[in-house]
Amino acid sequence: MPELPEVEVVRRGLADHVTGRTISTVVLHGHRVARRHAPGPQDLSDRLAGRTVTGAHRRGKYLWLSLADAPDAVADEALIVHLGMSGQLLVTDPADAEARHTHARVSFTDGGRELRFVDQRTFGGFALADLVDGVPTSVAHIARDPFDPGYDRDAVVRDIKARRSGIKRVLLNQTVVSGIGNIYADEALWRAQVHGERLASALTKPTIGRLLDHARDVMAEALGQGGTSFDALYVNVNGASGYFDRSLAAYGQEGRPCPRCGSTMRREQFMNRSSTSCPRCQVRPRGL
DNA sequence: CAGCGTTCCTGGGCGC
DNA sequence: TGCGCCCAGGAACGCT
């Protein structure tokens, strides 16, 4: 599942492959891929044709390509790409056969390799938005992620401390701190030895700070491994397949021994999804 | 208004 | 063999 490290790998691939190139055509299959673009797929295709990509950017799990001004533009614009749970961006030869679940093809005026959006579960999609202070308007509600130069750790700690909600739910709330999904939330909670259903406001500020630092660290480690294992033509990530197997202590490790104390890792349902944790290192709060 | 449950999607895997 | 159910989960939305 693409979380921050996986999306960052994709961003780097895009920066290498499409920056400076001019879009010739954008073909969208079906309406769903452009459902977050209110004026619809035709408008999206029409407005992208002829635009030059000036850069590849990311905040949390959102990715966008900044575009050179259109002749009649009133604001800077960007093509936003969200990978959802299964989205992939592939750089392919235009003559290659289309993979199953291809929803978009972006070709360039130089006739070189094109960009394809492949998404099995169709939670991802494209949209066009105005940029305000370098961030698309539809991404403005997303908080800065731990790798953003403007990330204010202490402010995030104070925000979390004020929340009357389970800590895991808060870590997954992209308006508090972005980029953390189920995988890295479980890893950070395990490292900090905190149960995800502990009330955020009941944790001490140092504990909250440690949790955030663990989340940042585990994502940095994943990025370090993900960044080296991908073919140049495959701008995505099939998750951190290499990372998954070797380095995860908690996520998906139900039934395995805790790497710290040897207790059998347990899985619990929480927020309609699974959480894996150590019953001894991460004590469930009383009364829940 | 913050918090929380629900819903959108598809296909791989597995039990019977 | 084949059917049907479970599961993965980010983010928007609506209700309390």
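In what follows, chains carry the letters A, B, and so on, assigned in the order in which the sequence lines appear, proteins first and then strands, with residues in each chain numbered from 1.
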Chemist: Looking only at side-chain N and O atoms, does A:S274 come under 4.0 Å of OP1 or OP2 in C:dA8?
Modeler: yes
Chemist: Using only heavy-atom distances, determine whether the side chains of A:R116 and A:T92 contain a donor-acceptor pair under 3.5 Å.
Modeler: yes
Chemist: Report yes if at least one side-chain N or O of A:H101 is closer than 4.0 Å to OP1 or OP2 of B:dC9; otherwise report no.
Modeler: no
Chemist: Got A:I208 and A:K161 here, is their nearest side-chain heavy-atom distance under 4.5 Å?
Modeler: yes
Chemist: Looking only at side-chain N and O atoms, does A:T109 offer a donor or acceptor that is under 3.5 Å from a partner on A:S24?
Modeler: no
Chemist: Decide, yes or no, whether a salt bridge links A:R210 with A:D213 under the criterion of side-chain N to carboxylate O below 4.0 Å.
Modeler: no
Chemist: Would you tell me if any nitrogen or oxygen in the side chain of A:R36 comes within less than 4.0 Å of OP1 or OP2 on C:dA11?
Modeler: no
Chemist: Wobble G-U and Watson-Crick pairs count when both distances are under 3.5 Å; given that, what is the 5' to 3' dot-bracket string of DNA chain C, with | for pairing to other strands?
Modeler: .|||||||||||||||
Chemist: Just the rounded figure in Å: distance from P of C:dA11 to CD of A:E3.
Modeler: 10 Å
Chemist: How many Å lie between CD1 on A:I167 and P on B:dC4, as a whole number?
Modeler: 12 Å
Chemist: Within the structure, does a side-chain N or O atom of A:R169 lie under 4.0 Å from either OP1 or OP2 of B:dC4?
Modeler: yes
Chemist: To the nearest Å, how far apart are A:D119 CG and C:dA11 C1'?
Modeler: 14 Å
Chemist: Between B:dG3, C:dC7, C:dG10, spot the one nearest the side chain of A:R163, thanks.
Modeler: B:dG3
Chemist: Report the distance from atom CG of A:L172 to atom OG of A:S178, rounding to the nearest 0.5 Å.
Modeler: 12.0 Å
Chemist: Could you state the atom-to-atom distance from CD of A:Q269 to C1' of C:dA8 in whole Å?
Modeler: 11 Å
Chemist: I need the CD-P distance between A:Q174 and C:dG10, as an integer number of Å.
Modeler: 7 Å
Chemist: C:dA8 base to A:R121 side chain: any donor-acceptor pair below 3.5 Å?
Modeler: yes
Chemist: Separation of A:R164 atom CZ from B:dC1 atom P, in whole Å?
Modeler: 18 Å
Chemist: Whether A:D152 and A:R144 form a salt bridge (side-chain N of Lys/Arg under 4.0 Å from carboxylate O of Asp/Glu) is what I want to check.
Modeler: no
Chemist: B:dC8, C:dG10, C:dA8: which one has an atom nearest the side-chain heavy atoms of A:R32?
Modeler: B:dC8
Chemist: Give A:R35 one of three labels, base, sugar-phosphate or nothing, depending on what nucleic acid heavy atoms sit under 4.0 Å from its own.
Modeler: nothing
Chemist: Are a donor atom and an acceptor atom from the side chains of A:R164 and A:S201 found within less than 3.5 Å of each other?
Modeler: no
Chemist: By nearest nucleotide on DNA chain B, pick out whichever of A:T122 and A:S165 is the more 5' one.
Modeler: A:S165
Chemist: Expressed in angstrom and rounded to an integer, what is the separation of A:K61 atom NZ from C:dA8 atom C1'?
Modeler: 13 Å
Chemist: Check the surroundings of atom CZ in A:R260: do more than 12 heavy atoms from other residues, nucleotides or ligands lie under 6.0 Å from it?
Modeler: yes
Chemist: Do A:R273 and C:dG10 have a side chain to base donor-acceptor pair shorter than 3.5 Å?
Modeler: yes
Chemist: So, is A:Q120 close to the B:dT10 phosphate, meaning a side-chain N or O under 4.0 Å from OP1 or OP2?
Modeler: no
Chemist: When the distance from OH of A:Y62 to P of C:dG10 is rounded to whole Å, what number comes out?
Modeler: 12 Å
